[in-house]
Amino acid sequence: MTREEASIRIEQLSSEINNHNYRYYQLADPLISDQQFDVLLKELQELEKAYPEFLSPNSPTQRVGGTITKEFQSFPHRYPMLSLDNTYSEAELRDFDNRVARLLQEPFEYVCELKIDGVSISLTYSDGNLTRALTRGDGVRGDDVTDNIRTIASIPVKLKPGSYPDDFEVRGEVFMPRAGFRKMNAEREDEGEMPFANPRNATSGTLKTLDSRQVARRPLDAFVYYLLGEKVTGNSHYERLQLLKSWGFKVSDLMVRCSGIEQVIEFINEIDTARATLDFDIDGVVIKVNSTEQQQKLGFTSKSPRWSIAYKFKAEEAITKLVSIDYQVGRTGAVTPVANLEPVFLAGTTVKRATLHNADVISALDIRVGDTVIVEKGGEIIPKITAVVKGARPADSKETRFVEACPECASRLIRNEGEAAWYCPNESGCPPQIKGKLVHFIGRRAMNIESLGEGKIEILFDNGLVRSLADLYALDAGSLTGIEKVLSSADGKEKRISFREKTVANILAGIDKSKNTGFEKVLFALGIRFVGETVAKKLAVHFRSIEALGKATYEELIQVDEIGDKIAGSVLRYFADDANKGLIEKLRGYGLKFEMAEPDTPRGTQLQGKTFVVSGVFSIYTRDGLKSAIEQHGGKVGSSVSSKTNFLIAGENMGPEKRKKAMELGVAIISEEEFTRMLQVDSKEEG
Ligand code: IVH
């Protein structure tokens with residue numbers, strides 16, 4: 001390479017890396033894997049070493065991370081937030097060990113910990129109180145996300161009394177457990193929102209949310225792994241972790257002290273096998289010299305401590321070819337491009353398809369049919385295309401043009417401002433949208449029609465029996481008996497399956513039973529965009545009937561807790577559409593519930609001598625309804641919690657003071673459901 005070529009390549013790499021940093025840190029939407037990023041960074045580091053005259057102070061190698069988001073106030077870190085030197089190879093790990101041994105010239109120990117794949121955070125505590133939480137930012141300054149961090153239950157805001165210094169800093173990693181991530185994504189899809197690609201993106205996106213109430217609803221969690229400050233005691237990293245634990249911090253138990261590199265490698269191998277069974281994503285193991293005195297001796301380079309290294313697990317990758325791109329239409333009409341790949345074996349399964357997310361991802365990758373591509377399977381199950389091998393591109397390849405018409409119904413696609421997805425606007429006529437709405441409607445958390453499933457909905461639709469939600473209730477034994485689905489089996493033969501008598505009876509019974517479903521679930525089942533399970537419940541409890549909801553103005557809607565501009569707009573649009581009003585009238589005609597019902601329990605004496613206090617918002621009863629139910633069963637209603645109170649019935653958003661008081665006085669705190677059971681069980685025993 002000539003000097004001039006080196007200079008050009010350095011320019012190129014710097015801008016590429018800066019762009020990846022931006023995607024990773026600011027957009028929470030990286031295009032390449034960490035591993036590929038590290039390859040680029042290493043190449044740049046090497047070139048800068050060979051041609052120091054081209055090393056600019058603004059080179060991405062001279063910075064630790066990304067840049068700062070505009071919305072949050074930024075503050076300098078008291079101690080810069082450095083990153084770790086990392087490696088994917090055992091040989092380099094041994095080099096690290098030799099280097100440490102050479103520098104220390106005395107025996108030493110390591111501590112090995114999990115490398116949590118989340119978002120790093122710096123927490124400052126003064127006199128036992130969390131005073132500030134900063135993101136890493138560019139390593140020198142970070143964003144103040146204290147309000148968001150306070151919502152994470154596993155991060156103490158006030159420490160238990162103990163021997164902590166009056167001023168210290170702790171570093172850790174915020175992450176989203178896999179189970180919570182999956183649940184949250186399912187809810188997002190219910191609400192017609194784009195799901196997050198993986199738990200780390202979800203975490204990073206969440207921490208950048210300006211409304212901390214939204215953050216509080218996300219299942220975030222955090223581990224801490226580094227204690228620092230002038231007044232900190234504990235002569236080893238291990239001891240400090242134990243101190244942190246004793247002060248109420250969450251420290252992962254999956255860590256060990258090792259007396260040599262062999263034990264370190266053993267731990268790495270154990271974790272690599274156990275990794276799939278963890279409830280959160282990790283991307284490696286962090287190795288740290290245990291003694292703090294030895295850490296000091298080793299010191300830091302400008303970018304990372306000399307006493308620590310991260311061993312990163314390789315994301316499993318494979319190379320294959322892009323055969324074609326399909327466009328799938330979802331329930332909300334969002335069109336998702338899906339890559340059809342030449343089948344390739346990857347991490348235990350054969351991969352044939354991978355999501356391409358949206359048009360932006362396609363153009364950023366500049367991916368074309370016929371391209372050789374790299375697919376990766378990280379912690380998540382869905383494989384993703386991380387890169388295109390441009391050198392292997394066929395000479396006649398054509399740029400990918402995102403479809404302009406719906407592949408299902410040929411409607412012209414539209415794109416709303418600020419959204420990445422293209423939509424098919426033909427809500428009531430586009431088959432996958434209709435089928436998707438039906439599948440959502442019968443779902444467990446909606447109308448819960450267990451006798452129908454996605455497969456049966458498909459058959460009903462294909463036979464022309466259901467075209468709208470209301471058609472389900474028009475089904476009868478006559479129309480269902482004898483309908484068929486033709487399956488072509490592997491040997492090319494056709495197999496016809498039809499509903500047996502018992503299945504038909506079962507389906508009809510399930511549909512009939514669903515008429516008893518409560519209003520809040522019916523409202524959710526309608527599939528109004530952005531109206532998920534929680535929002536539907538809030539709206540139902542607040543407005544109590546579809547009439548009232550349908551008449552609500554924008555101002556009235558945004559009065560409701562959790563309802564903002566986006567949801568209000570969607571509700572207004574829904575009710576402005578005559579087709580939707582017609583649908584509701586039909587469903588009402590079939591006997592579905594469009595009002596909140598007060599439970600109708602017979603009067604009784606089972607609550608005689610008991611005093612209740614009612615607090616918060618309820619969903620089965622109104623507050624007044626609850627009070628009269630108590631009185632109708634012989635109980636008394638008190639206005640504040642005292643030693644005379646027997647039960648506190650806790651609704652949503654109950655005041656924290658009442659809860660505290662009840663806990664202090666040992667008053668039983670029960671839910672509305674438990675209260676309802678009290679009425680039922682007792683009257684049966686008496687009757
Ligand atoms: S120690 C000076 N320990 O990995 C040492 N970092 O590339 C500070 N990370 O920025 C870091 N798990 O976000 C440490 N057990 C662990 C970690 C960990 C995850 C992250 C952290 C850091 C990055 C380093």
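- Interatomic distance, CD of Glu239 versus CG of Asn290, reported as 8.0 Å (0.5 Å rounding).
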Kindly indicate, with the supporting measurements, whether the criterion side chain to side chain donor-acceptor pair (under 3.5 Å) is fulfilled by Ser7 and Glu4. CA-CA 5 Å; Ser7 147; Glu4 200 187 313; over 6 Å; no

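- Look at Asp366 and Arg368 and you find a salt bridge, because one of the NZ, NE, NH1 or NH2 atoms lies within 4.0 Å of a carboxylate O, short of that distance.
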Ser259 and Gln263: CA distance, side-chain angles, deciding distance, side chain to side chain donor-acceptor pair (under 3.5 Å) verdict: CA-CA 7 Å; Ser259 55; Gln263 282 180 20; 3.1 Å; yes

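- Side chain of Arg412 to main chain of Ala405: no donor-acceptor pair is present (N/O by atom type, distance under 3.5 Å, no hydrogens or angles).
- Every side chain to side chain donor-acceptor pair (under 3.5 Å) that Glu169 has, sequence neighbours left out, goes to Ser122, Arg171.
- A salt bridge links Arg9 to Glu43: at least one charged side-chain nitrogen sits closer than 4.0 Å to a carboxylate oxygen.
- Looking at Asp283, Ile282, Val285, Val286 one by one, the single match for side chain to side chain contact (heavy atoms under 4.5 Å, CB included) with Lys312 turns out to be Asp283.
- In terms of heavy atoms, Ile319 sits closest to Val344 at O-CG2, 3.8 Å.
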Test side-chain contact (heavy atoms from CB on, under 4.5 Å) on Ser14 and Leu44 and set out the steps. CA-CA 7 Å; Ser14 301; Leu44 181 57; 3.8 Å; yes

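- The line from CG of Leu82 to OG1 of Thr301 is 7.5 Å long, rounded to the nearest 0.5 Å.
- Ion pairing between a basic and an acidic side chain is recognised when a charged N comes within 4.0 Å of a carboxylate O; Asp272 and Arg275 show such pairing.
- The distance from the CD atom of Gln12 to the CD1 atom of Ile17 is 11.0 Å, given to the nearest 0.5 Å.
- Summarising the geometry of Leu365 relative to Ile385, their closest heavy-atom pair is CD1-O, 4.0 Å, with the distance given to 0.1 Å.
- A cation-pi arrangement is found for Arg132 relative to Phe75, the charged atom lying closer than 6.0 Å to the ring centre and inside a 45° cone about the ring normal.
- A 4.5 Å side-chain heavy-atom check between Leu84 and Asn86 finds every atom pair outside the cut-off.
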Does the salt bridge (Lys or Arg N to Asp or Glu O under 4.0 Å) test come out yes or no for Arg94 and Glu90, once each step is laid out? CA-CA 6 Å; Arg94 289 179 191 278; Glu90 199 182 299; 3.0 Å; yes

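- The closest side-chain donor-acceptor pair between Asp281 and Asn198, if any, does not fall under 3.5 angstrom.
- Between Gly139 and His77, the closest heavy-atom pair is O-CD2, 3.4 Å.
- Going from atom CD1 of Ile8 over to atom CZ of Phe54 covers 9.5 Å, rounded to the nearest 0.5 Å.
- Minimum interatomic distance between Val119 and Arg200 (heavy atoms only, all atoms of both residues): CG2-O, 4.4 Å.
- Within the 4.5 Å cutoff, no side-chain heavy atoms of Thr386 are placed close to those of Val375.
- With respect to the salt-bridge test (charged N to carboxylate O, under 4.0 angstrom), the residues Arg182 and Glu187 do not qualify.
- You'll find the side chain of Tyr125 reaches within 4.5 Å of the side chain of Leu123, heavy atoms only.
- The shortest non-hydrogen separation linking Ser83 to Arg136 is CB-NH1, 3.8 Å.
- Rounded to the nearest 0.5 Å, atoms CD1 (Ile10) and CD (Gln45) are 12.0 Å apart.
- In this structure, Phe96 and Ile287 have side chains that are in contact, with non-hydrogen atoms separated by less than 4.5 Å.
- The side chain to side chain donor-acceptor pair (under 3.5 Å) search around Glu92 returns Thr87, not counting sequence neighbours.
- At a threshold of 4.5 Å between non-hydrogen side-chain atoms, the residues Ser411 and Tyr423 do not count as touching.
- For the atom pair CD (Glu399) and CD1 (Ile367), the distance works out to 13.0 Å, reported to the nearest 0.5 Å.
- Between Lys352 and Glu342 there is no salt bridge, since none of the side-chain N atoms of the basic residue sits less than 4.0 Å from a carboxylate O of the acidic one.
- Between Phe402 and Tyr327, a ring centre-to-centre spacing shorter than 6.0 Å is recorded.
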Does Leu134 form a side-chain contact (heavy atoms from CB on, under 4.5 Å) with Phe72? I'd like the steps, not just the answer. CA-CA 10 Å; Leu134 296 180; Phe72 292 97; over 6 Å; no

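- Using a distance-only test at 3.5 Å, with no hydrogens or angles considered, a donor-acceptor pair links the side chain of Thr203 to the main chain of Pro199.
- Counting only residues at least two apart or on different chains, no ring-ring contact (aromatic ring centres under 6.0 Å, His included) pair has a member in residues 328-361.
- A cation-pi arrangement is found for Arg188 relative to Phe196, the charged atom lying closer than 6.0 Å to the ring centre and inside a 45° cone about the ring normal.
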Would Asp97 and Arg102 count as a salt bridge (Lys or Arg N to Asp or Glu O under 4.0 Å) if you check the C-alpha gap in whole Å, the side-chain angles of each, and the deciding distance to 0.1 Å? CA-CA 9 Å; Asp97 181 51; Arg102 201 182 57 233; over 6 Å; no

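- Other residues, nucleotides and ligands place more than 12 heavy atoms under 6.0 Å from the NZ atom of Lys390.
- Between Lys314 and Glu317 there is no salt bridge, since no side-chain nitrogen of the basic residue lies less than 4.0 Å from a carboxylate oxygen of the acidic one.
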In sequence, state the C-alpha distance, the side-chain angles, and the governing distance for Asp221 and Ser154, and then conclude on side chain to side chain donor-acceptor pair (under 3.5 Å). CA-CA 6 Å; Asp221 202 342; Ser154 48; 2.5 Å; yes

Test side chain to side chain donor-acceptor pair (under 3.5 Å) applied to Thr292 and Asn235, step by step: CA-CA 5 Å; Thr292 44; Asn235 298 327; 4.8 Å; no

Apply side-chain contact (heavy atoms from CB on, under 4.5 Å) to Glu173 and Lys115, showing your working. CA-CA 9 Å; Glu173 199 86 353; Lys115 186 167 183 332; 5.9 Å; no

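- Taking 4.5 Å as the limit, every side-chain heavy atom of Asp326 sits out of range of all side-chain heavy atoms of Pro337.
- In this structure the side chain of Leu130 reaches within 4.5 angstrom of the side chain of Arg150, judged on heavy atoms.
- At distances below 3.5 Å, at least one donor-acceptor pair connects side-chain atoms of Thr273 with backbone N or O atoms of Asn269.
- Within the cation-pi definition used here (under 6.0 Å to the ring centroid, within 45° of the axis), Lys250 qualifies as a partner of Phe223.
- One N or O on the side chain of Arg240 and one on the backbone of Gly234 form a donor-acceptor pair closer than 3.5 Å.
- Residue Val224 comes nearest to Leu241 through the heavy atom pair O-CD2, 4.4 Å, listed as atom of the first residue, atom of the second, then distance.
- Counting heavy atoms from C-beta on, the side chains of Glu113 and Val251 never come closer than 4.5 Å.
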